[in-house]
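Below, chains carry the letters A, B, ... as their sequence lines are ordered, and counting in each starts from 1.
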Number of protein chains: 2
Amino acid sequence: MVQFVHPATKDITLAGVLSALADPIRLQIVRGLLQESGCLSCTAASPCPTIAKSTLSNHFRVLREAGLIQTSKKGVEHQNTVRAADIEARFPGLLMAILACSLSDDASPVAPA
Amino acid sequence: MVQFVHPATKDITLAGVLSALADPIRLQIVRGLLQESGCLSCTAASPCPTIAKSTLSNHFRVLREAGLIQTSKKGVEHQNTVRAADIEARFPGLLMAILACSLSDDASPVAPA
DNA sequence: TCAATTGTTCGGAAATATGGAACTATTGAA
DNA sequence: TTCAATAGTTCCATATTTCCGAACAATTGA
């Protein structure tokens, strides 16, 4: 049984959050998680079906270690949720500011509308 | 004479801004520029004297290409200013949100007080 | 003209990202 | 119980990026 490392709220760093969200795929994953009632498996949260499983797994690990998401095992799947309250407590306004900006960034969506 | 590439405001991307600011040294540079009346040479803006010149030059290039700073040549030195208005126009609230968070991030300052 | 200063460019070493293949863990069916 | 299917992880090789030192270019002042 693999158990996951989640940093405590106080151990979340700005550099970690920014570099995690600097990747368009990871930003898209976070956006997707927040939209879809906050809980998705890894493959369901993937913004692009052509990404290799190993790459996707790595993206989720980065998001986990940055403190952006929490992952728990539920059967075969993993349930991922955004640690919105923790991020807000650590860096008030940051996550929402970034997500709001992502709406006006044409380069951000992996699959543009 | 080396001339610099500065992206137009509309070409500034969220991923570029976030990945540029995800590096603590670059974030510190931007903070320093904003504090010191907004204009500094590259070495003067360096948060840490042990960083190699070539590395510093690279950091400034990244900031420039992300659209975060503008560089103009003034004699031997380069004058760097933060494109605060452009960033604000492109991504309202983003830069200030990140800078505000950097105050409460102990890991952010290169030379902690 | 020459030395000093500022920053860029180049080359190699170290770190990181990506994808394919093999592996583990869990579920459901026979 | 045994077997196949599914979801992620880990390992490995390749490719890209980062960092530094050294050499270089441009400007200034003596």
Side-chain angles (χ1 to χ4, degrees), chain A residues 1-6 13 15-30 32-33 36 39-66 68-81 107 110, chain B residues 1-6 13 15-30 32-33 36 39-66 68-81 107 110:
Chain A
M1 161 108 65
V2 183
Q3 265 310 4
F4 299 114
V5 184
H6 294 98
T13 67
V17 170
L18 292 182
S19 85
L21 295 181
D23 185 296
I25 290 171
R26 289 194 290 259
L27 181 58
Q28 193 86 342
I29 288 172
V30 171
L33 286 179
E36 303 294 329
C39 193
L40 283 175
S41 69
C42 293
T43 47
S46 172
C48 175
T50 63
I51 301 173
K53 277 196 309 177
S54 53
T55 304
L56 203 56
S57 178
N58 184 58
H59 282 316
F60 276 92
R61 185 180 55 77
V62 171
L63 288 171
R64 255 196 315 270
E65 294 181 354
L68 278 164
I69 66 172
Q70 199 193 14
T71 307
S72 60
K73 196 153 186 177
K74 166 108 176 199
V76 174
E77 298 183 343
H78 290 185
Q79 285 187 322
N80 298 288
T81 60
V110 173
Chain B
M1 163 109 63
V2 182
Q3 265 312 1
F4 298 114
V5 184
H6 294 97
T13 67
V17 170
L18 293 182
S19 86
L21 295 180
D23 185 296
I25 290 171
R26 289 194 289 260
L27 181 58
Q28 192 87 341
I29 289 173
V30 171
L33 287 178
E36 303 295 329
C39 193
L40 282 176
S41 69
C42 293
T43 48
S46 172
C48 175
T50 64
I51 301 172
K53 279 195 309 177
S54 52
T55 305
L56 203 57
S57 177
N58 185 57
H59 282 316
F60 276 93
R61 185 179 55 76
V62 170
L63 288 172
R64 255 196 315 270
E65 294 181 352
L68 278 164
I69 65 172
Q70 199 194 12
T71 306
S72 60
K73 197 154 187 177
K74 165 108 175 199
V76 174
E77 299 183 342
H78 289 185
Q79 285 187 324
N80 298 287
T81 59
V110 172

Extract from the structure each pairing of a protein N or O with an N or O of nucleotides 18-22 of chain D at less than 3.5 Å, listing the distance.
from: D/dC20; atom 1: OP2; to: B/Thr55; atom 2: OG1; distance (Å): 2.4
from: D/dG21; atom 1: N7; to: B/Ser54; atom 2: OG; distance (Å): 3.2
from: D/dG21; atom 1: O6; to: B/Ser54; atom 2: OG; distance (Å): 3.0

(request) Side-chain contact test, heavy atoms from C-beta onward, threshold under 4.5 Å: evaluate it for B/Thr71 versus B/Leu63 and give yes or no. (result) no

(message) Under the rule for side-chain contact (heavy atoms from CB on, under 4.5 Å), what residues qualify as partners of B/Thr55, not counting sequence neighbours?
(response) B/Ile51, B/Ala52, B/His59

Nearest-Å distance, [atom1] ([X]) to [atom2] ([N])?
| X | N | atom1 | atom2 | answer |
| --- | --- | --- | --- | --- |
| B/Lys73 | D/dA25 | NZ | P | 13 Å |
| A/Phe60 | C/dT18 | CZ | P | 14 Å |
| A/Phe4 | D/dG8 | CZ | C1' | 8 Å |
| B/Glu77 | C/dT5 | CD | C1' | 9 Å |
| B/Asn80 | C/dT6 | CG | C1' | 12 Å |

(message) Using the side-chain heavy atoms of B/Ser57, tell me which of these nucleotides is nearest: C/dT9, D/dT9, C/dT27.
(response) C/dT9

(message) Quick check: on DNA chain C, is the nucleotide nearest B/Val76 upstream (toward 5') of the one nearest A/Val76, or the reverse? Name the residue that is more 5'.
(response)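 Closest to the 5' end, via its nearest nucleotide, is B/Val76.
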
Going by atom type alone, with no hydrogens or angles, which donor-acceptor pairs under 3.5 Å involve a side-chain atom of residues 15-22 of chain A and a protein atom two or more places apart or on another chain?
from: A/Ser19; atom 1: OG; to: A/Ala15; atom 2: O; distance (Å): 3.4

(request) Enumerate the residue pairs fulfilling salt bridge (Lys or Arg N to Asp or Glu O under 4.0 Å) with a member in residues 43-62 of chain A, sequence neighbours excluded, ordered by first and then second residue. (result) A/Arg61-A/Glu65

(request) Could you tell me which residues satisfy side-chain hydrogen bond (donor to acceptor under 3.5 Å, both in side chains) with B/His6, sequence neighbours excluded, listed by chain and number? (result)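 For B/His6 there are no side-chain hydrogen bond (donor to acceptor under 3.5 Å, both in side chains) partners, ignoring immediate neighbours.
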
(request) Measure the spacing between CZ of A/Phe4 and NE2 of A/His78 and express it to the nearest 0.5 Å. (result)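 That separation rounds to 4.0 Å.
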
(message) Tell me whether the side-chain N/O atoms of B/His78 come closer than 4.0 Å to OP1 or OP2 in D/dA26.
(response) no

